[in-house]
There are 2 protein chains.
Amino acid sequence: MPNETWQPPPVLLTVDLVILTLRSSTLHVLVIERGIAPYKGHWALPGGFISDAGEDIVDAARRELREEADLDATSLHLEQLGTYGRPDRDPRGRIVSVAHLAIAPGLPEPEAGTDASAASWCPVEEFTSGRRSLAFDHHQILDDGLERARTKIEHTSLATAFCDETFTITDLQRVYEAVWGFELDPRNFYRKVQAVPGFLTPVGSDRRTTRGRPARLFQAGPEHLLRPPMMRPLPPDQNPPTQSETK
Amino acid sequence: MPNETWQPPPVLLTVDLVILTLRSSTLHVLVIERGIAPYKGHWALPGGFISDAGEDIVDAARRELREEADLDATSLHLEQLGTYGRPDRDPRGRIVSVAHLAIAPGLPEPEAGTDASAASWCPVEEFTSGRRSLAFDHHQILDDGLERARTKIEHTSLATAFCDETFTITDLQRVYEAVWGFELDPRNFYRKVQAVPGFLTPVGSDRRTTRGRPARLFQAGPEHLLRPPMMRPLPPDQNPPTQSETK
DNA sequence: CTAGCTTCTTGTCAGTTCAACAAAAAGCAG
DNA sequence: CTGCTTTTTGTTGAACTGACAAGAAGCTAG
């Protein structure tokens, strides 16, 4: 019970970033090699302290995005993921981190930031498989970010955030396949995405070609919520009882 | 750029709670009348400061749930909603709040807690309609909590958290209707929920009755993710173009 | 104790969607 | 032109959806 003299204990606030992108059809996350203690020399998610008492949290996330990844937050998707405050998560003391999820299209190779000795894109599979590990509770944060991405591309247009301004339907399919981790039928995918009102806007008869038949170009449509959603099939180990079988 | 002497600014951390329940088929939220400044005498969401530097955030939420609402957190749904840290959100200074969403079944009339002069269930419609207002940015938090509930009962079993241990399918339908704000066909609803594998487990031939034919009793099943999801129909103002019309 | 009322449960049926596969279209390389 | 790749359009049977009818199982009133 708080008495008259009790004062709430102050904590230090950081932002951490799960920045995802697609490189050669594989899902990558941006990680840094820590240049300072604790966990010096280990891999970690980019992030840092709130810079001053007047800085909004999302502004801090945007700033770190710029400082540590040289990415412009105005052009890419950024959302709050969750707040991680286990008392023992940081050996320096009570440090609470507001994690964010960022989705970036394409490519630019990142540069080392202020307190990171190296920053690089790494396939997420390196971490989910356990081959590489992350400092602090960043493994948990990454898992939560991936799960958020997996479920959110089901019923929102988030997948378009992985693509450039204009893209083909096959480009979009690569996003779904990389995030979900299995392949989809191109013919059914092709019609399904176009059947969702407001998901995609065709950009005038423009096309682009590499090897096969040229593909139509689209851009993200006005609708953020996908109805009907792009439901991923259940894992193949489950035998889904159909409504008729159940009766 | 942080120099050698720079120290991250400490902030004060609070937890706030959006506690939802159903009373006579209407969605209610628990609000308190603030007993202390700021906003003394205004309505607000229950919440409070982290009690000490070693308290985990979710533990703080559980504690506030007990202190301010006399609810046992072990038996009800509690999840993190989001973190609100606009620099000007609290006139006392830089106070960051980790909001949580709690779902409670039924009934007990709450009692006034430590720094709340009154606590009571209030229909959410009072706030969403603008008839009543909330202190701080709690209106935003409530809106976010409601939206989270609306979308989450679509593809998770969250709706069962509004019900008692055992419940009828009509009970469950009332939850969906209250949260979504419109009525559903009982006959289609009846079969739809039972067609989702793992959503409901029938409890042995038990029944219960008030006026009509006795209804079967169920309890929450083992599955947390609903496949297929309980999709709400789109708002009636939209004319959904069918796939065949689109072609 | 039967008629009527309420609520729960099962049936039915047409329109729509979905997944799997075939096939056509459109470019390029040789 | 022939073959190869990739994109786009068709087809088809099974499954799901939403709207509604009808039966089942209690209670209450007369």
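Residue numbering restarts at 1 for every chain, and letters A, B, ... go by the order of the sequence lines.
- Of the possible donor and acceptor atoms, one in the side chain of B:H155 sits under 3.5 Å from a partner among the backbone N and O of B:T151.
- A:R62 has a carboxylate O that lies under 4.0 Å from a charged side-chain N of A:D59, or vice versa, which qualifies the two as a salt bridge.
- At a threshold of 4.0 angstrom between heavy atoms, the contacts of A:T168 with the nucleic acid are absent.
- Remark: C1' of C:dT9 and CG of B:L217 are 15 Å apart, rounded to the nearest angstrom.
- Between C:dT10 and B:R216, a contact under 4.0 Å exists linking OP1 or OP2 to a side-chain N or O.
- The distance between atom CZ of B:F167 and atom P of C:dC8, rounded to the nearest whole Å, is 14 Å.
- Between A:F189 atom CZ and D:dT7 atom P the separation is 12 Å, expressed in whole Å.
- Here the P atom of nucleotide D:dT17 and the CG atom of B:L184 are 14 Å apart, to the nearest Å.
- Rounded to whole Å, atom C1' of D:dT6 lies 15 Å from atom CD of A:E183.
- A:R211 has a side-chain polar atom (N or O) that falls below the 4.0 Å cut-off from OP1 or OP2 of D:dT6.
- The side chain of A:R213 lies closest to D:dT7 when the candidates are C:dC21, D:dT7, C:dT6.
- Rounding to whole angstrom units, CZ of residue A:R232 and P of C:dC18 are separated by 17 Å.
- The shortest distance between the side-chain N/O atoms of B:Y190 and the OP1/OP2 oxygens of C:dC8 is not below 4.0 Å.
- The side chain of B:K192 contributes no N or O atom lying less than 4.0 Å from OP1 or OP2 of D:dC16.
- A donor-acceptor contact shorter than 3.5 Å links the side chain of A:Q80 to the backbone of B:T83.
- Spacing between atom CE of B:M231 and atom C1' of C:dT16 amounts to 13 Å, rounded to whole angstrom units.
- Side chains of A:D16 and A:Y84: a donor-acceptor N/O pair is absent below 3.5 angstrom, by distance only.
- For the pair A:R150 and A:W180, the cation-pi test (distance below 6.0 Å, angle within 45°) is failed.
- By the 4.5 Å heavy-atom criterion applied to side chains, B:R148 and B:E79 are counted as neighbours.
- In this structure, the CD atom of A:Q173 is 13 Å from the P atom of C:dA19, given to the nearest Å.
- Each of D:dT9, C:dA19, D:dG26 was ranked by its minimum atom distance to the side chain of A:R187; first place goes to D:dT9.
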Would you tabulate the pairs of protein nitrogen or oxygen atoms and nucleotide nitrogen or oxygen atoms of nucleotides 13-15 of chain C closer than 3.5 angstrom?
none

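- Rounded to the nearest 0.5 Å, atoms OG (A:S97) and CG (A:L17) are 8.5 Å apart.
- Ring planes of B:Y176 and B:F199: perpendicular class, angle over 60° (limits at 30 and 60°).
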Might you list the N or O atoms of the protein lying below 3.5 Å from N or O atoms in nucleotides 11-13 of chain D, with each pair's distance?
none

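- Checking side-chain atoms of A:H28 against main-chain N and O of A:T26 turns up a donor-acceptor pair under 3.5 Å.
- Under the side chain to side chain contact (heavy atoms under 4.5 Å, CB included) criterion, A:A102 pairs with A:I19, A:L65, A:L76, A:L78, not counting sequence neighbours.
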